[in-house]
Each structure stands twice: as C-alpha cells, then as structure tokens.
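These numbers come from a predicted model, not from an experiment. Numbering of residues begins at 1 and proceeds along the displayed sequence. Worth knowing before you read on, the calculation uses all heavy atoms, side chains too, and leaves out hydrogens, waters and symmetry mates.
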Amino acid sequence: MSALATTASAQDDAVAPPITEFPREQTLIIHNPEQPATNPPNFNIWVAGNGAAWSNGLHQLTMDTLWFIDPDAGLDGALYNQLASDTWQYNEDFTEMTVDLREGVYWSDGEEFTAEDVVFTVETQMATPGMTWSAAFSEAVESVEAVDDYTVKFTLAQPNSRFHSIFSVRWNGAWIMPEHVFSEVDDIMAFQNNPPVSLGPYTLHSFDPNGYWYAWQKREDWDRTAMAQWGEPGPEYVIYRSIPSSDNRLIEMSNGNLDMIHDLSPEATFSIIEDRETARGWFPGFPYAHPDPTLPMVIFNTQNELFADKRVRWALALMLDARAISMASYRGAATLSAIAIPPTGTHPDDYHMPMQEWLEGYELDLGNGETVRPYDPNIGLQVADMVRPQFGDEVPTDEAAIRRAFGYGWWKQDVEAATALLEAAGFSKQGNTWMTPDGEPFEFTINTFTDGVINRMGTMIAQQWTQQGIEATPLADPQIFGTTLPLGDFDVATAWSIETWGGDPDLSFFLDSWHSDFVVEPGERQPARNWQRWTHPELDRIIEEVRVTEFTDPRNLELGKEFVRLMVDEMPVIPIMSYNVFSVYDTAVWEGFPTAEENPYANIVNNWANSKFILTQLRPAGSSE
C-alpha cells in the first residue's frame, strides 16, 4: 500500500507526496493540521491513544455513522440522515431509541452494511475499556439489538433525549465498525486495521511511512455508499498533507501543490490572498476567516471569592474595549459576540439577530440607584471602519454583511459604570489601585494560551484591566486544557467552555455538562466543560427541561434564549468572539467550495469529518457542469 511512499527525513516538511504521479486535474490536495502520525500504518480509529492519525482523510473519507449535523447551513439543512434513513425515534420517556438504517450501503470489500455492524460496534466497545467510545456507550446503554437487518433498537440505562448525539457527527462521532472484519481479530486493541475497509466513498491508495501524507482513491462503487445521495465526489484522488510550517503551506499553495489550507495566521492569510488571485477565504473579503462554533471567552473561577459576585464580573466586562481586543488578537478579523453563543453557522439567524432588540434595551443595575444600558450594537461596524484604511475594498460596506463578519455588537467600555459596580460590591480605590473588601490590592493571574490569537487576546485583556487599576498578570499556560482548567488551578483564564452544534439551535452539545450535579469542590477535577464551576438554580431548570425536550422541538430555541438572558444577567464568563479559523482554499484546480456569501453549505475547515460533503460539490475549474 505504500509503494509510492518516498524516503523521509525528520526535518519539517521534508516529505512531500509524489504529486506528479497523480493526475493534477483529478486530485484534491488538502493540508492536514495534525502533526505527522506517530504510528503511520495504524488505521484503527476505535482505539484511543494508539498513534493513528484522524484528520489524514481517515475519518473524513472512509468512516461513516448514523447522522451528521453540520456547523453551517448544510446541503439540504444542517441535519443529514446518513447511515440512518430517518431521524432517531425515541419512546415517550426517552428510555428507548430505534433507528431505521439505509439499505443498499456496502463496505469497500463488497460486504453489505447492516444492523449487525451497529450492534457489534456498541457491544464491542462496551466490553473493551480503552476504546474510543467505550465509556460513553457503557454509561448510556443497557442493551442494543438488531430487530432486523435494517433496524436497531437501543434500551438506555436512564432517560436520555440526546443519546443520538453520540452517533451525530459535528467534528467526529461514533464511527461504525465493520463486524465482518473485527469479529475475526484476536486482539482488537493491537489490530492496526491496515488497509482500512471503507464505508465512505474513498479507499486508501498509499501513504508515507513517516506519516507526512496519505493518498486516497475514489471507489468504483462510490454509488453504494451513503454519500451517493448527495452526488458523486468530484476528485478521483484526495491527498492529505501534514505541513507544520505556515510558510511552507503558503509556498505549496503558491506553487499549485495545495488546494485547501486548514489554518493560517491572520497575517499569512492576508498575504496569500493578496499575492494569489485564485486564493480566498470563507468570507469574500476581510475578515476572510470561518467562525467555528466555539466561543473564546474570559472564564472566571467562580469558586474564588474574588469572582463570586456578579457585580465584579460585570465591572470587569465594562472595563474592556472590544475593538482593541479584536485588533490585538485577530488584527481586526474577529467575529465578536456579546452573548454566550458563537456567532457562526445558523446561530446569527437563531440568536444574535433576533435578540438585538432585547440586548439594546437591557438595563444593568449599578447598585447605587442608577441603571445603564451597556450594549452597543455598532461595535462591529466600528471595527470594520478601523481596518478599512488598510484593506480598502476587501472590507464589506453592506451593514448586514459587516454584522455577520465582524459581529452584531458588544458591551460599551464604561469605566464609570464599572466603578459604581465595584464600589457597590465593597471594593474601593486608593490612588489608581483597586482594593478588595478585605483591604488587599485587587490582583490576579489570567492564564492564556502560549501563542496565537488567544494569547494575544488574553494579553490585551490583562493590559486593559491593569490600566484601570487592577493588577492582572497574563500567564502563558501550556497545560490550560490539560490540567489548569480541569483542576480549577486558576483565577481567570482565556479559553472556552461553550461549543455548539453550529448548524442547529440546540445547545445540548455543551449545556448538560454545566448542571450543578457535575460541579466539584475546589481542588478536585472538574468534568468538562463547566470550567467556571458556576451554579445557578435557573441554569439547572433550563438544563433539566432540555433533557426532556426532543432535539428537533422548537422549544429548544426558546430554552436557548432563556440561557442567553441568564448568562447576560449573571456574566459567569465574558464572551468575546468566535474561534475564527483562517482556512484558505485555491480555485485554480477545483471550484464549488462553500462560501459565506453565496453557498454556506459546509464548514470549510477541512479536518472536520463533515468536510467530506464538500467533495460532492467540487468540479474542475472552468468546467461547465
């Protein structure tokens, strides 16, 4: 299988695929953001930590599962019935889920996909600790059975209206195993699954033994996969390349050897789009980047008495200048969000735009008999004006386009209101230094990323608080997600505790983990994702109602808006912006990529498994099709 592999060295980007051996007009070449695989021949995606790569085309092109929920609009709505022929079917109390499977789907070796594959996948992982989804299945499933070849019935361990989400791909999901292959394996944990039997439209062609590139070829029987309902994938070959150096990504795209770059710095993006006529980003002009359904924010450790009072949290929010944060972090190419929902996918239509009137009318009690209206709906417009002198016509002028690209508004920087709130909370000022109610200087550390846009964001926020008399010290933290946030070993952090589906208003992707039942005592390890360790009776009420509300019920949108209003009132985190990914693609060889303005049918960020739907829309550049 690796006959085309070239000799590799350990140097960065030393190994390129043998591109000249593939017809360029039939080949899509994609940047894989993963480092080169530590165990390149391993394709057993179901074993955690075995060194197998994921975003090398394995989970995009060969894996499949029951449903996909795209973080953007989708080809015909964001919810795809993939291996399932319809949506999930729960009984009245959500203790059973039945799934009807799509008929006529085949593995690449000719074996038909049936209910036995689903049952085997679940039972095998439940019986094998250390497999990727073993814990999730063991916690949720009491039993699973194949009612017939195309029907699966799950009996759940407890009522669970979101059990289907395990099989619903956002970035990834519980991939179905080929029962006829793995049932013959003596040691599943050691099995490398090389070459992988594919349930998707591509099979492995060749790969670099050092893990720098993987090449895939379209199946002759692609029409016997679930993807066929969306059309034939355009490329005959797809190559995924690990290119750690940003400079080398730019060189390879400039030389025509790269069609899709997963991510660049803002500055590198500006450069390639200026230098190469056929290169572009998600937006047609500035800010170019795709807003992912993740919300970078200020996270308060609310178990720290300094941040237990919402007046303090609100005061810190009102000391910030979102325009300066945008310029410092993304060079102005940020999509700001004042509410606790990422401004991406369908969320602007579901939440941000409909809630503008409420936000503009929101009154904040300062605790001294006065109120203010803290929301400024024009912050995004102001940022656009700030970058227009440099980027000119690349910056949109249409107000609706500006709001979708730069954000729908943010909180005013109001130092006077912040002062009133701190004083109402018992703080006082000595000279230019704020003192706590205990008479100590108000000072703390803000843990942030080691580099990149979040580091810039955290550093600028610390600087703004320090300028207002609060000694906030930024700390570049390489373990921020590994140990710092889970152990609560921080005062304030810049990271995120909110991730959504993106293409659906339902907030269950993160919200259930915020229930007070999961909040631990100080010093103990906090389960993801409530890093702020915040509890509130109204939050629990919302979560508990979501648990008994079916995923597609319109009530979920109303519950989401109730969550937003509670988050504004309490400010347990300060939402800042979406995690904008500077994905760049080149249209010299292929056309039909999703775009923000014309056809936002898929997330352009190509390490996501749902990026495979893009391939069905691609056609050769200049084609009349």
Side-chain angles (χ1 to χ4, degrees), residues 69-73 78 162 165 170-171 289-300 313 317 322 325-326 334-362 374-377 379-380 400 403-411 457 494-514 529-532 534 536 538-539 542-543 545-546 549 551 553-581 596 600 603:
I69 301 176
D70 199 274
D72 281 292
R162 300 299 188 275
S165 65
R170 173 185 178 268
W171 178 75
H290 180 278
D292 264 14
T294 301
L295 191 67
M297 59 181 67
V298 173
I299 299 176
F300 297 109
R313 303 192 295 261
I325 295 171
S326 173
T335 308
L336 297 168
S337 179
I339 64 175
I341 304 288
T344 189
T346 60
H347 294 338
D349 296 323
D350 290 332
Y351 290 105
H352 293 81
M353 285 191 289
M355 298 194 75
Q356 287 302 296
E357 183 177 355
W358 180 82
L359 286 165
E360 291 182 39
Y362 179 78
Y375 184 70
D376 184 347
I379 293 287
R403 293 187 185 280
R404 190 168 287 271
F406 291 87
Y408 289 83
W410 213 77
W411 310 112
M457 181 183 87
T494 53
W496 52 82
S497 61
I498 290 176
E499 300 180 62
T500 64
W501 292 106
D504 193 282
D506 180 85
L507 301 183
S508 62
F509 191 86
F510 77 93
L511 189 57
D512 196 80
S513 66
W514 281 30
R529 303 180 173 82
N530 186 358
W531 307 126
Q532 58 275 1
W534 177 64
H536 195 284
E538 180 67 5
L539 175 65
I542 293 169
I543 294 171
E545 186 170 346
V546 168
T549 303
F551 186 89
D553 191 320
R555 174 63 179 153
N556 285 304
L557 177 56
E558 294 308 311
L559 289 168
K561 290 179 179 178
E562 291 178 21
F563 168 77
V564 168
R565 289 190 283 266
L566 176 64
M567 292 292 287
V568 168
D569 281 336
E570 296 290 328
M571 199 62 73
V573 301
I574 305 176
I576 305 292
M577 58 196 180
S578 65
Y579 191 80
N580 280 5
V581 181
N603 184 355

Distance in Å, [X] [atom1] paired with [Y] [atom2], rounded so as to fall on 0.5 Å steps:
X	Y	atom1	atom2	result
Met355	Ile341	CE	CD1	8.5 Å
Ile69	Phe509	CD1	CZ	9.5 Å
Trp410	Ser326	CH2	OG	11.5 Å
Tyr375	Ile339	OH	CD1	8.0 Å
Met567	His536	CE	NE2	11.0 Å
Ile574	Thr494	CD1	OG1	11.5 Å

Minimum heavy-atom separation for [X] to [Y], with atom names?
X	Y	result
Leu295	Pro575	CD2-CB, 3.8 Å
Ser497	Met297	OG-SD, 3.5 Å
Gly503	Ala78	O-CB, 3.3 Å
Ser508	Phe551	OG-CE1, 4.3 Å
Gly560	Leu507	CA-CD1, 3.7 Å
Asp72	Gly345	OD1-CA, 3.6 Å

Practice task
Describe, in one word, how the ring planes of Tyr351 and His347 are oriented to each other, choosing from parallel (under 30°), tilted (30 to 60°) and perpendicular (over 60°).
Solution key: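 Rings of Tyr351 and His347: perpendicular, as their planes differ by over 60°.
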Just by distance, do the side chain of [X] and the backbone of [Y] share a donor-acceptor pair under 3.5 Å?
X	Y	value
Gln356	His352	yes
Trp534	Met571	no
Arg313	Glu570	yes
Arg555	Glu545	no
Arg403	Pro377	yes
Thr335	Ala405	yes

pair [X]-[Y]: side-chain heavy atoms closer than 4.5 Å:
X	Y	answer
Ser165	Trp501	yes
Val546	Arg162	yes
Ile498	Pro293	no

Practice task
Check the pair Lys561 / Asp350 against side chain to side chain contact (heavy atoms under 4.5 Å, CB included), numbers first and verdict last.
Solution key: CA-CA 9 Å; Lys561 290 179 179 178; Asp350 290 332; over 6 Å; no
Side chains of [Y] and [X]: any donor to acceptor distance under 3.5 Å?
X	Y	result
Asn556	Thr549	no
Asn530	Gln532	yes
Thr294	Asp292	no

Practice task
Please find out if less than 6.0 Å separates the ring center of Trp496 from that of Phe510.
Solution key: no
Problem - Residues that Arg565 engages under salt bridge (Lys or Arg N to Asp or Glu O under 4.0 Å), provided they are two or more places apart - result: none
Practice task
Check the pair Leu511 / Leu559 against side chain to side chain contact (heavy atoms under 4.5 Å, CB included), numbers first and verdict last.
Solution key: CA-CA 11 Å; Leu511 189 57; Leu559 289 168; over 6 Å; no
Exercise for the section: Before giving the answer on side chain to side chain contact (heavy atoms under 4.5 Å, CB included), spell out for Thr346 and Asp504 the whole-Å C-alpha distance, their side-chain angles and the decisive distance to 0.1 Å. Expected result: CA-CA 7 Å; Thr346 60; Asp504 193 282; 5.6 Å; no
Problem - Partner residues of Asp376 under the side-chain contact (heavy atoms from CB on, under 4.5 Å) criterion, sequence neighbours left out - result: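 Listed in chain order: Asn378, Ile379, Gln382, Lys412.
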Practice task
Show the numbers, then the answer: is there a side chain to side chain contact (heavy atoms under 4.5 Å, CB included) between Trp411 and Leu359?
Solution key: CA-CA 10 Å; Trp411 310 112; Leu359 286 165; 4.0 Å; yes
